[in-house]
Each structure stands twice: as structure tokens, then as C-alpha cells.
Amino acid sequence: MKRRKLPRRTHYCSQIKPELDGQKVSLLGWVHDVRDLGGIKFILLRDVSGTCQVTVKKNSMEGLEYLEDIGHEDVLYVEGIVKSQEKARLGVEVIPSRIEIISRAARPLPYDVTGKTPAGLDTRLDHRILDLRNPENRAVFLIADTVLAAAREFFRANGFIEIRTPRIIVSATEGGAALFELKYFDTVAYLAQSPQLYKEELTTVFEKVFEIGPFFRAEESHTRRHLSEFTSIDIEAAFMDLYDVMEILEKLIVHIHKRVLDERRRELEILGVELDVPTTPFPRYTYDEILRYLENSGYRLEWGEDFGTEHLRVLGEKHAGYYFITHFPTKSKPFYIQPCEDNPEISESFDLMYSWLELASGGTRISDRKLLEKRLVEQGLNPKSFEHHLKIYDYGMPIHAGWGLGFERLLMILTGRQNIREVVLFPRDKFRLTP
RNA sequence: GCCCUGGUAGUAUAGUCCGGUUAGUAUACGGGCCUGUCGAGCCCGUGACCCGGGUUCAAAUCCCGGCCAGGGCGCCA
């Protein structure tokens, strides 16, 4: 079998600089835009790195007529000489000696990749691949790549082992959120809503674990910050309590900010985001302190009540950046959260907030089997259906703590996007299952 | 699930309140002119009133139902 000859590039578009003047280069990319002046044609070629200008003059090149109907998003191979050019805004252009049309795009396209003609979010998501070619939208996912790499780098440097827990589970692991049901051979299974119980069990093996992966919630939520399928960054660590893991969390956030600023300055600029590395420690407020603050602001809540969106927005006006709320009422938290020793009505729990947005939730977990069983019953759950989990507590269970961080919500903050759907390549919500 | 707002060329919109000439504009697309554009420019052209029912001499416009979308609330992270 003979291998096909593939066109190869010597440079990416963003590497075409005036300093390369006179050098022969070859490029591969998509036609971002064409400005045809009749005797001269300017092709803006785009690849993953950015764009550069290819200038074609009439009668300057054999086979020019071949380019007459060049259009948006056609794929080209360009061979030519770099020319420093003051008349070009980028200060440089490529004078081609050969252009090959590798693929032609349909026209008109259903979406304007250059962004000249605006499109609504629904239209954008319907044509997501074209939408992602828009440099602004692509920038979001280049930042996402850096965030994921930075998180893994941080966890490894701190002795955490990456784990992968099942997405297909037999029943509700922790109550709370609604689950998607699915047919599993001759029985019924569910899509996991969190790795919670598995990651706790694995601390008895690896001590410090993390997982980055998708989870599923069958909630009726119709907001800018909810998805049916989202990505969670989770950790769990043996011999730690809430204070330890809060420190890890704020250090991770700082590390991610630094990495994004290091590696993605251009993308931040394209997105118009001014990012600062937050200072640690983040402010910490107890649930009781927040309750008092809200009361002074004219919002009276009963002790034990959860904050509504209205209350969170009031808090967000006061606290622009990252802050923690700690020690929530035990009854408002899941069964596995450790109640405080000196007051079991209060739990060793916390949320990480950014303005009014909840980013992460965590705490110290119960490590005593009897207490865990008691809490299951109190929350109306049946200990029998948790037998596989409970028996682990008979095999030597250390005190442990952890948290789960909403990856997309963090990304919204880092990229300044107002709708969570914008920071997911192919978002899933109650009303969207395609593309 | 509930509430509010909306649905007009491929895309984004004006017109709708107060029913009545050929439904306007931008961009995309097609054609023409143009050798320094960079949101290129100028000229010409193709192209649309979400679906169903009702009111009326007449419905993009008013009413009812459906579907879809955006935002908010609740749920939830």
C-alpha cells in the first residue's frame, strides 16, 4: 500500500513575522477572509495559531484564475516567500508561488466565522464547529486546555494520584440531585452525579486522589450556570480536614491563574479579560456571619435555611472575588459531611464562591461507620443500599476531606463568559442534545 | 416545572403598540468595476414574516393553541 503524499507546513501563520523577510515558507490553513480588489487579492489565512496575509497579484503567478472563486473556510496549502510589508497591518505578507485548494467549503455558510455578522447563542451552538473557528470562541478552549493541564500539574506536584471512577452506577450515591436512568442489559442503571463515595473509599488506598471528569444531573434547571453534563474537578485526601483542603483549593486557583496568565495572554486579550492572580488566603466567612450580614442588608433568613439566588446576588455585590463560606448547618448538607465536635448542628463544610457564583463545595467527611449510618437514616436514606460503601469503614478508615470544583463555572470566570454553554464545546441541557 | 420577553431572507435586525402601496437595513451569497486591502469600496441581483386555528373586506401586525429561543425563579453544583 502506497502512502499518500501529504502537504506539510514549515510555519504556522502566527510565526510569519517581518524578520523572516525573503524566506521561503509553506502554510496550511483555512481562508478566514478574502479582500479582492480586482488586480490584487488579499487572503487572510487562519490556522490554529492565528492568521496571516497572503497577497496575490494579477499575472504574478501561474494558475491564478484557479483562485478566482476562493471563499470563506476553503482549506489551502500555500507556498511562497515572506515579505516584510509596511502597507500590511501585520507588517508582513506572504507572496505565493503555489497555492493548492485542498478542500472547498459550501457557500453561503450558515455562520460568519469572522464575527462581522453577529449570531445568537442558539445559532452558534447549532453550528458549533464553525462557531469554534471564530478566534474569540476558540480562545475560550485554549484557556480550558491550560486550566486542565495546570490542575493536573498542581495535583501531581502535591502528591495526588489521578483516579477514574464509574460513570455507570447502580443507584443514587448521595441523594440530592436527580439522576439519569439508563437501560443496562436486563436491569436499570444510572449516570453518576459525582465520584463522592468512590473517591472517599480510594483515600484508604492512595491517600490523596483527584479526578477530572464528566458527571450528570437530570435537574430541570434552566439558567446560565447549569448543565445536564458538566465537568467536575474532585479531590479527596486522607488525614486532612476542611481547613487543609480549603488551602489546597485556593492554592490550585492561584496556580491556574498564574498558568493562564503565563500561557494564554493573547487569548485573554482576544476575550477582553483582565485577569489578576488572587491573593491568599481567600476571605472566610461562617454561615452564621453571612446570615447576620444578610439580615443587616434587609434579608431575614431562618437559621438552617439555604441561601436563595437573591441572597447570593446580595453577597456578590459585597464580595467581588473569591471567598469561602464555612460551617453550614448539618441538616442542609449531604449525609457524609462531618458534624462539628462541639456543635453537631453545624458541619465541617464549605463552599467556594466567586461573587454570587458557587464554584466548589467540600468539607471533612464522616470517618466513623456508626455515625455515617445514623446520618443516612436521618436523611431518609436506607443504610442497606449503601452496604458496599459502609463495609469499607470496617477496614480502617482515616479522617479525610475533599471537595468538588465546577470546571465550567471556573472557566466562565477566567474567560469572562456569561453563559456556561459558551465554555462547553458541545453543551447538554434540558433543551439541547445536539450537535 | 413556573414567570417574563421574543420568533421577519443563510445570519443579525427595522416594521407589530395604532391591521391597508412593492416588508426596510446590514452582512453573507451571485454578477460587474477596481493593483495595497485589512469590518475594503461602488453598482446590480437572488433571498424572509415559526406552525395551526380564529377575528376582519383585509393579518408580519389583533386573539387562542402549539413548538422553539433568551432571561429570571425554583431545583441544583
Side-chain angles (χ1 to χ4, degrees), chain A residues 32-45 51-60 64 68-69 71-73 83 85-93 95 105-127 130-131 134 174-179 193-196 214-234 306-313 332-334 349-354 356-362 403-410 412 418-422 429-432:
Chain A
H32 192 64
D33 210 357
V34 183
R35 282 180 283 275
D36 187 351
L37 276 65
I40 188 166
K41 197 193 289 268
F42 301 99
I43 300 167
L44 205 56
L45 193 71
T51 56
C52 67
Q53 178 168 288
V54 177
T55 306
V56 189
K57 287 185 185 175
K58 207 169 200 166
N59 305 323
S60 69
L64 181 66
E68 270 318 302
D69 63 339
H72 286 127
E73 300 305 310
K83 192 179 165 196
Q85 175 59 269
E86 277 182 26
K87 282 185 273 189
R89 184 161 294 170
L90 296 165
V92 65
E93 63 191 1
I95 309 297
R107 60 192 72 158
L109 289 168
Y111 171 90
D112 174 17
V113 175
T114 67
K116 253 183 289 180
T117 308
L121 184 57
D122 194 48
T123 304
R124 290 178 48 198
L125 294 176
D126 279 343
H127 308 287
L130 285 174
D131 182 52
N134 179 319
E174 47 178 303
L179 299 176
Q193 52 154 292
S194 108
Q196 184 61 36
F215 290 99
F216 307 89
R217 307 268 165 102
E219 297 294 341
E220 300 286 353
S221 306
H222 181 56
T223 77
R224 288 182 293 157
R225 60 189 186 281
H226 289 91
L227 293 166
S228 302
E229 178 177 356
F230 68 103
T231 308
S232 185
I233 301 179
D234 269 90
D306 274 330
F307 307 126
T309 307
E310 187 186 23
H311 308 118
L312 296 176
R313 286 191 196 272
S332 74
K333 284 287 165 183
S349 57
F350 68 88
D351 279 1
L352 174 67
M353 309 289 299
Y354 183 93
W356 60 279
L357 193 62
E358 298 172 52
L359 289 184
S361 181
W403 43 254
L405 167 66
F407 169 67
E408 287 86 1
R409 287 188 177 184
L410 177 62
M412 283 173 76
Q418 299 299 312
N419 191 313
I420 199 163
R421 291 162 185 79
E422 291 187 74
D429 61 40
K430 196 188 174 192
F431 307 100
R432 179 176 287 278

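A note on names: the letters A, B, ... follow the listed sequences, proteins ahead of strands, and every chain is numbered from 1.
- E358(A) comes within contact range of the sugar-phosphate backbone alone, with a heavy-atom separation under 4.0 Å but no base atom that close.
- Looking at every heavy atom in both residues, S232(A) comes nearest to G404(A) through OG-CA, 4.3 Å.
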Worksheet item: Stepwise, does the side-chain contact (heavy atoms from CB on, under 4.5 Å) test hold for L312(A) with E358(A)?
Response: CA-CA 9 Å; L312(A) 296 176; E358(A) 298 172 52; 3.6 Å; yes
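- R124(A) and E422(A) are joined by a salt bridge, as a carboxylate oxygen and a charged side-chain nitrogen come within less than 4.0 angstrom of each other.
- Qualifying side-chain contact (heavy atoms from CB on, under 4.5 Å) partners for K430(A), counting only residues two or more places apart in sequence or in other chains: E220(A).
- Within the nucleic acid shown, A88(A) comes within 4.0 Å of at least one base atom, counting heavy atoms only.
- In this structure, of rU37(B), rA26(B), rC75(B), it is rC75(B) that holds the atom nearest to the side chain of S221(A).
- Separation of the C1' atoms belonging to rG53(B) and rC67(B) is 15 Å when rounded to the nearest angstrom.
- Here Q85(A) lies in heavy-atom contact (under 4.0 Å) with a base.
- Ring geometry, H222(A) versus F431(A): the interplanar angle exceeds 60°, so the pair is classed perpendicular (tilted spans 30 to 60°).
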Worksheet item: Given T55(A) and Q85(A), is the side-chain contact (heavy atoms from CB on, under 4.5 Å) satisfied, shown in steps?
Response: CA-CA 11 Å; T55(A) 306; Q85(A) 175 59 269; over 6 Å; no
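- Atom P of rG74(B) sits at a distance of 50 Å from the matching atom of rC38(B), rounded to the whole Å.
- With a 3.5 Å ceiling on both atom-pair distances, rC75(B) lacks any Watson-Crick or G-U wobble partner.
- For rC62(B), the paired nucleotide is rG54(B), the pair qualifying as Watson-Crick or G-U wobble because both relevant distances are below 3.5 Å.
- Looking at K333(A) and D351(A), a side-chain N of the basic residue comes within less than 4.0 Å of a carboxylate O on the acidic one, giving a salt bridge.
- Distance, D33(A) CG to rA28(B) P: 8 Å, rounded to whole Å.
- Distances shorter than 4.0 Å separate some side-chain N or O of R107(A) from OP1 or OP2 on rG30(B).
- Atom OH of Y111(A) and atom P of rU11(B) are 13 Å apart (whole Å).
- When the P atom is used for both rA77(B) and rG39(B), the distance is 47 Å, rounded to whole Å.
- Picking from rG1(B), rU35(B), rA12(B) the nucleotide with the shortest atom distance to the side chain of E220(A) gives rG1(B).
- Contact check, K430(A) against rG1(B): a side-chain N or O comes under 4.0 Å of OP1 or OP2.
- A straight line from NZ of K58(A) to C1' of rG36(B) spans 15 Å, rounded to a whole angstrom.
- rG1(B) sits 45 Å from rU46(B) when the P atoms are compared, rounded to a whole Å.
- For L37(A) and rC33(B), the CG to P distance is 14 Å, given to the nearest whole Å.
- Side-chain atoms of E93(A) come within donor-acceptor range of the base of rG36(B), with a qualifying N/O pair under 3.5 Å.
- With rA28(B), rG10(B), rA77(B) as the choices, the nucleotide that has an atom nearest any side-chain atom of P110(A) turns out to be rG10(B).
- One finds a side-chain N or O of T123(A) lying less than 4.0 angstrom from the OP1 or OP2 phosphate oxygen of rA12(B).
- Of the candidate nucleotides rC75(B), rC29(B), rG36(B), rC75(B) has the atom lying nearest to any side-chain atom of E219(A).
- In this structure, D33(A) and H72(A) approach most closely via the heavy-atom pair OD1-NE2, 3.0 Å.
- Backbone-only engagement by G120(A) is indicated by non-hydrogen atom pairs under 4.0 Å involving sugar-phosphate atoms exclusively.
- The NE2-P distance, from H226(A) to rG74(B), rounds to 10 Å in whole Å.
- Nucleotide rG32(B) holds its C1' atom 16 Å from the CG atom of D69(A), rounded to whole Å.
- A residue-by-residue look at R409(A) and A119(A) shows that A119(A) has its nearest nucleotide of RNA chain B further toward the 5' end.
- Residue contacts shown for G308(A) are limited to sugar-phosphate atoms, with no base heavy atom under 4.0 Å away.
- Pairing of rU22(B), defined by two Watson-Crick or G-U wobble distances under 3.5 Å, is not identified with any nucleotide.
- Between R432(A) and D126(A) there is a salt bridge, since at least one side-chain N of the basic residue sits less than 4.0 Å from a carboxylate O of the acidic one.
- Distance D112(A) CG to rA28(B) C1': 7 Å, rounded to the nearest Å.
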Worksheet item: Under the side-chain contact (heavy atoms from CB on, under 4.5 Å) criterion, do F215(A) and F230(A) qualify, and how do the steps go?
Response: CA-CA 6 Å; F215(A) 290 99; F230(A) 68 103; 3.9 Å; yes
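- Taking atom P on both nucleotides, rC29(B) is separated from rU11(B) by 15 Å, rounded to a whole Å.
- Look at rG6(B): its Watson-Crick or wobble partner, with both distances under 3.5 angstrom, is rC68(B).
- Counting non-hydrogen atoms under 4.0 angstrom, F42(A) reaches a base of the nucleic acid.
- For the pairing with F42(A), the side-chain contact (heavy atoms from CB on, under 4.5 Å) check across V56(A), L37(A), D36(A), V54(A) returns one residue only, L37(A).
- Within 4.0 Å (heavy atoms only), L227(A) reaches at least one base atom of the nucleic acid.
- Atoms CG (L109(A)) and C1' (rG10(B)) sit 9 Å apart, rounded to a whole Å.
- Taking 4.0 angstrom as the limit, K41(A) places none of its side-chain polar atoms (N or O) nearer than this to OP1 or OP2 of rU37(B).
- Of the nucleotides present, none pairs with rC17(B) by Watson-Crick or G-U wobble criteria with both distances under 3.5 Å.
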Practice prompt. Do nucleotides 65-72 of chain B as a string where each nucleotide becomes B, S or -: B if the base has a protein heavy atom under 4.0 Å, S if just the sugar-phosphate does, - if no protein is that close.
Written response: ----S-BB
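- rU61(B) and rG6(B) have their P atoms separated by 14 Å, with the value rounded to a whole Å.
- Taking a pair to require two hydrogen-bonding distances under 3.5 Å in either a Watson-Crick or a G-U wobble arrangement, rG45(B) pairs with rC29(B).
- Nearest-nucleotide mapping onto RNA chain B: of I420(A) and G38(A), the residue sitting toward the 5' end is G38(A).
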